[in-house]
There are 4 protein chains.
Amino acid sequence: MIIILKPHASKEEAQKLLRQIEQKGLKPLYMPGVERTVIGAIGDERVLQSLHLNSHPLVDQIKPILSSYKLVSRELYPIDTRVKIGPHAVGGETFTVIAGPCAVESQQQLDDIADYLCTHPVAGIRGGAYKPRSSPYSFQGLGEEGLKILKATSERTGLPTISEVVDANDAPLMAQYVDCLQIGARNMQNFRLLEAVGKLDKPVLLKRGMSATIEELLLAAEYIVNAGNPNVILCERGIRTFETATRNTLDLNAVAYLKQKTHLPVLVDPSHGTGVRELVIPLARAAAAVGADGIIVETHTNPAEALSDGHQNLDPQQFDDLMSSLKPFVEAAGRRL
Amino acid sequence: MIIILKPHASKEEAQKLLRQIEQKGLKPLYMPGVERTVIGAIGDERVLQSLHLNSHPLVDQIKPILSSYKLVSRELYPIDTRVKIGPHAVGGETFTVIAGPCAVESQQQLDDIADYLCTHPVAGIRGGAYKPRSSPYSFQGLGEEGLKILKATSERTGLPTISEVVDANDAPLMAQYVDCLQIGARNMQNFRLLEAVGKLDKPVLLKRGMSATIEELLLAAEYIVNAGNPNVILCERGIRTFETATRNTLDLNAVAYLKQKTHLPVLVDPSHGTGVRELVIPLARAAAAVGADGIIVETHTNPAEALSDGHQNLDPQQFDDLMSSLKPFVEAAGRRL
Amino acid sequence: MIIILKPHASKEEAQKLLRQIEQKGLKPLYMPGVERTVIGAIGDERVLQSLHLNSHPLVDQIKPILSSYKLVSRELYPIDTRVKIGPHAVGGETFTVIAGPCAVESQQQLDDIADYLCTHPVAGIRGGAYKPRSSPYSFQGLGEEGLKILKATSERTGLPTISEVVDANDAPLMAQYVDCLQIGARNMQNFRLLEAVGKLDKPVLLKRGMSATIEELLLAAEYIVNAGNPNVILCERGIRTFETATRNTLDLNAVAYLKQKTHLPVLVDPSHGTGVRELVIPLARAAAAVGADGIIVETHTNPAEALSDGHQNLDPQQFDDLMSSLKPFVEAAGRRL
Amino acid sequence: MIIILKPHASKEEAQKLLRQIEQKGLKPLYMPGVERTVIGAIGDERVLQSLHLNSHPLVDQIKPILSSYKLVSRELYPIDTRVKIGPHAVGGETFTVIAGPCAVESQQQLDDIADYLCTHPVAGIRGGAYKPRSSPYSFQGLGEEGLKILKATSERTGLPTISEVVDANDAPLMAQYVDCLQIGARNMQNFRLLEAVGKLDKPVLLKRGMSATIEELLLAAEYIVNAGNPNVILCERGIRTFETATRNTLDLNAVAYLKQKTHLPVLVDPSHGTGVRELVIPLARAAAAVGADGIIVETHTNPAEALSDGHQNLDPQQFDDLMSSLKPFVEAAGRRL
């Protein structure tokens, strides 16, 4: 850690800081400069948290050298983690495709789309039973009824299920119904929820918050792994920027960057990442090309009647197009569908 | 609501949509143009949600005319709402000042700062018992122990207390200890939490999410009011932008805009809004000038030893400066401290 | 165009506006609603600019229906434009690869990299003679000397050249030396410069401004085409967002969106778009997959000694890797290198 | 400067870098850590630019300690600079108010507004002769004719004039007509233009680019001062963020921050900073409170007929309100109108 002191800091005050660093077991370094004094602390700088250096009145800036996450870091665990959702391993040779409606609306709706999806190599079916919606007047999901529908469809078709958990208290119940718990973008920093799913024996699909930095996403994953659950799948789903032509700005830089920094698998959600049906296919192809481990897309047998997010849903014909369009890019990436 | 159809939409398809709008009780309008057909729907467009028009394959764009919030809108309730925290009314002639440490650390710490704050006209003391922190390795707060400390200090000094609630399940317990529940920026769209505090008989301080639009903030407030609790105070605390010289970008445009659109009181948090101790005083003055109903600032008897966010805490000397510096601006705004 | 009036606008005032719209040759529509009156104007709404409706005190909002650009719009010209740089057509079956150093540093440097690039199917060599740099103390380019170097290299090797023009006055001179003029991100809204290159008979590579919307990029292109030069190539090079792990956020949504809205070819710059050497290859692959017509990448025979932007330059070995890694994705996209 | 090496960098390679730093006249520091080796360079790190360290393959990150600007830094010149526009000193006891239309439209229009402005203590009249507009189909300004109108109005009324220069070539001509040259947001990094006005003997009003960091703004000012013109006035005019309720997000944090970092005066433009007429007054008051040296606002005798930006123009009645509303805040800030 590099600690830059304010211009008026005296030598005595610097010495006091150096002693504190030494007492924490790190090697202190004194670098008196012409305009500023700089102090270095060499070793595991995470132990310096208790010194509260960034509150110190004489400290101008702190520049950490090590990353603030450990368990999810590739520097410490260089081998790719594979996370199983039912029989399917996310992060392996197979490019994962998860599909399904934004929200579970009825047993019939989910059965229809599930039967259709079974004609393709999909790894699981998604569908929300609890829907976080900006407006209190929008459809909020079927709740536990939706979970029962998901389970019934899964038992009949064999498709593993993925569904969003929105409250720490719901987590154990949801774990009885579904095969993978999704943490949505709005809850990426709901730390209670992260800890709750960290105590369960179910894989977690963690979506990046819409204004979360990559480091914050990795720290959110660190919460889950630190609580005991190593089966975390990251998901890039677009960030909020000044651009309004698309609903979000899909950050594929982040995918390539994450693959270098963490051993966890990374999926891409081109449906929320663009918010525009016509852009889903090209961005799904780009996701395969940039090195993502798979995609999660919204699909509905009748998007025009979807109870939420219909404008970004693919209908079966479009999903067929997606899969055939995706195939050569997945193979170019050395994987298979 | 204005519905712009895609270029290839036929007249028959447009007529079908017009009939659907009419069936919902709205007045339909047909506007065939040279390049595009446009459809209007006049009346309370919120009933059109069930048509899922933005999912419709022939619909290119939807342009709502009415705002999506009602209960918090000044158009419907033009009179300023005053929200009481203990004996103090937020939104009245008195400019509200809430102060205190980022986190409750010990009974001694809180008593020290409370005794000091009692020498100033402050409306309440803030302090977190549950701290949402980006890293699982940072100080997470004292939990219920912190709530007990807050209550003891309040009983001794008479200062009302404000503390953050981070989980829907904690809300009833917290309501027994504190006078005002804060929803933090990270939880602004934790809808379960919004509904939980909406069922309590305690004022709620709702902070804007760091990438939430003003409309999303108002819709979050609408959740609380819609659940039964009209005592909501909004708080601008800075948004996330590309600028890194300051921790956040305090959006005072939003304060002036909110005062025009909603009858709810609006506070400003210059501590998180800047993240820099030296900027707190000028931005607090600007908050008074722009028309905010008050401020909430972080204060600590010894910022250098604060367990979180010390770099943006004011020490007692600086808080004295804040109060004397603020006074003429509060008076220029036609209020009093 | 849809014009939403303020709540207090009277019927007479609305009628006055309707007459003005009619006088401009558009069909006016009167839609009195419960809460608001809405006015429609059907026809080529661009003629309404002279009414200055968005300044009108009674107008609350204006919602245009047609896009504000025409010449570059695919709605009006549905066929893909191919722009020739020397013998190479950008926008055709061949995926365009333009490479070269950030800045021209010397004849030797440019010759070295040009000789190397000739071993690959590259369409042109890039290199800046005039470098816009944030700091006045950074290397500013060789100026006309750099242009001469570019021309000499081009004549010897046959490689077409691309170089940035930073001032309207330089444009005619530059056109004598190079085969394609680049407008950099910082100058995307330097309208004098856009008009100057619009009067030349040279292709223009127009980079998106770092905070320009897609619509602003298309309007900048419209300036050039409107001034007489139809040979415009668009280039996505990353936008400025809150994320700091990468230098910019490459917006591949924009590429897919642009391909639907405009007939102009679109390139991607993964070097500036990421700012990180290790991310150039995966994002170049993603660019091919998303439907871009090519890429422009920074390459240097010795990145460690590059006078600018060395951290995002590929060395020859890395460029070899890029080309072999790119090939299957270009072919999957139905093109060839 | 702190240089963090990549994990695999050898001791020999580190030694080579240390020698290079020493040869540049700086004191090198070697800090071998457990996971990473860190190198320090103590002294004026700006001389290290020629080492191109951030291009070095073994360098992971560079963390500068000193700011990259010098001439405009308060650390080097602690005394407030006052810049004279005609007889008025910007940056002194008087709070500067500059007002006028967005664009010069006719002699009559400018005379009308000038006569009105003379009834208030305004320091100068603004008006664009060259208008940078996003669309080629928008009004582009009267050009030199507009400059002549400005000069005639100034000679008759004694009001100094401020007008935007959009091209380096125009700068000398403009300097003959107007008293202060404005660099607009879109041209903040038009370095040719910065150098051109840097060679003139006229004050320059430099507006922050809509996505420029504070540091980039200061570096742009450094260009002008470095070219020989110390009379630079900075202007915060709103940045581009995700928020769309207002045209831009006025960054008053930046004003307070700038006042600490630079000795140059800082104005605020609440017209462009909000883009909404109703928000101009509250934000102007906030500008006075936060410590700005003045404001520049758009005013028009008939906003409904303004040829550009009418929706953010104040009419005379509103300008009267602004001035009387502003007065107590200016006085609270220890200044006078």
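In what follows, every heavy atom counts, from backbone to side chain, and hydrogens, waters and symmetry copies are set aside. A note on names: the letters A, B, ... follow the listed sequences, proteins ahead of strands, and every chain is numbered from 1.
Within the 4.5 angstrom heavy-atom criterion, only side-chain atoms of A:Thr246, from C-beta onward, approach chain C. Looking at C:Thr241, only its side chain comes within 4.5 Å of chain A, counting heavy atoms on both sides.
By a heavy-atom distance cut of under 4.5 Å, C:Pro328, C:Phe329, C:Ala332, C:Ala333 are the residues of residues 327-337 of chain C near chain A, going up by number. Of residues 248-261 of chain C, those residues with a non-hydrogen atom less than 4.5 Å from any non-hydrogen atom of chain A are, in numerical order, C:Asn248, C:Thr249, C:Leu250, C:Asp251, C:Leu252, C:Asn253, C:Ala256, C:Tyr257, C:Gln260. Below 4.5 Å, heavy atoms of chain C meet heavy atoms from A:Pro282, A:Leu283, A:Arg285, A:Ala286, A:Ala289, A:Val290, all part of residues 280-291 of chain A.
Checked against side chain to side chain donor-acceptor pair (under 3.5 Å), A:Thr81 has the following partners two or more places apart in sequence or in another chain: A:His263.
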